[in-house]
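To start, the structure itself, in structure tokens.
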Amino acid sequence: MQQDDETASYRGSTKATAQFVLWTLAWVATLAAARFGPEFVWDSRQLASWVAVAVNVLVGVAWIVAFFRFLLAADDLWRKIIQDALTATLGVSWVAGFGYLVADAAGLVAYDIDIALFPALLGVTYLVALIVGWIRYR
């Protein structure tokens, strides 16, 4: 009887993970369309750009819901590792983001940093924290 419960739980976790991956890919695709569409596809037509941005935001909301479902389906240890990694990422984003804003307002920054570096910093922080948590709790 317990094996049936574990199998059902495993299936639920696998399904939630697959849905999360698919929504992640959809969000990345709509983000790319919203970013590069005006330049390469629809020649800066504003209506098409607004539609692309709206679709990206709606898919992003679905992605967030899929992430919640993924977290609910994860076992307690993985949930803890993921939440710790997200905590570290949030901390880095606040400290780095506001640190840059303060330095820029004080005239200490000689050039503007490309905004694309910020999500890259968050992605690297999350991956490193996830790996550290995985190694820590092995």
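- Grouped by direct or indirect side-chain proximity (heavy atoms under 4.5 Å, Ile/Leu/Val/Met/Phe/Trp/Tyr only), L121 sits with V92.
- With values rounded to the nearest 0.5 angstrom, Y137 atom OH is found 7.5 Å from L77 atom CG.
- Cluster membership for V21 and L130, using ILVMFWY side-chain heavy atoms within less than 4.5 angstrom, is not shared.
- With a 6.0 Å radius and a threshold of 12 heavy atoms from other residues, nucleotides or ligands, F118 has its CZ atom above the threshold.
- Here the straight-line distance linking atom OG of S93 with atom OH of Y126 works out to 14.0 Å at 0.5 Å rounding.
- I64 and V57 fall into different hydrophobic clusters, defined by Ile, Leu, Val, Met, Phe, Trp and Tyr side-chain heavy atoms under 4.5 Å apart, directly or through other members.
- Contacts classified as side chain to side chain donor-acceptor pair (under 3.5 Å) and involving residues 19-31 (residues at least two apart or in different chains) are given here: T24-W63, T30-N56.
- Looking at residues two or more places apart in sequence or on another chain, you find no side chain to side chain donor-acceptor pair (under 3.5 Å) involving T125.
- A continuous path of Ile, Leu, Val, Met, Phe, Trp and Tyr side chains, each step under 4.5 Å between heavy atoms, connects V28 with F20, placing both in one hydrophobic cluster.
- The side-chain heavy atoms of F70 and S13, taken from C-beta on, include no pair separated by under 4.5 Å.
- Partners of D43 according to the salt bridge (charged side-chain N to carboxylate O under 4.0 Å, His left out) rule, which considers only residues two or more places apart in sequence or in another chain, do not exist here.
- Residue pairs meeting the side chain to side chain donor-acceptor pair (under 3.5 Å) criterion with at least one partner in residues 64-84, sequence neighbours excluded, are D76-R79, K80-D84.
- Residues L90 and L117 do not share a hydrophobic cluster, defined by chaining ILVMFWY side chains whose heavy atoms lie under 4.5 Å apart.
- Looking at heavy atoms from C-beta onward, Y100 lies in side-chain contact with V109 at the 4.5 angstrom threshold.
- Applying the under-4.5 Å side-chain rule to Ile, Leu, Val, Met, Phe, Trp and Tyr, the cluster around W50 consists of that residue alone.
- L122 and I81 are members of different hydrophobic clusters when ILVMFWY side chains are connected at heavy-atom separations under 4.5 Å.
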Next on the checklist: side-chain contact (heavy atoms from CB on, under 4.5 Å), that's the test. Do W134 and I82 meet it? Break it down for me.
Outcome noted: CA-CA 9 Å; W134 179 68; I82 291 168; over 6 Å; no

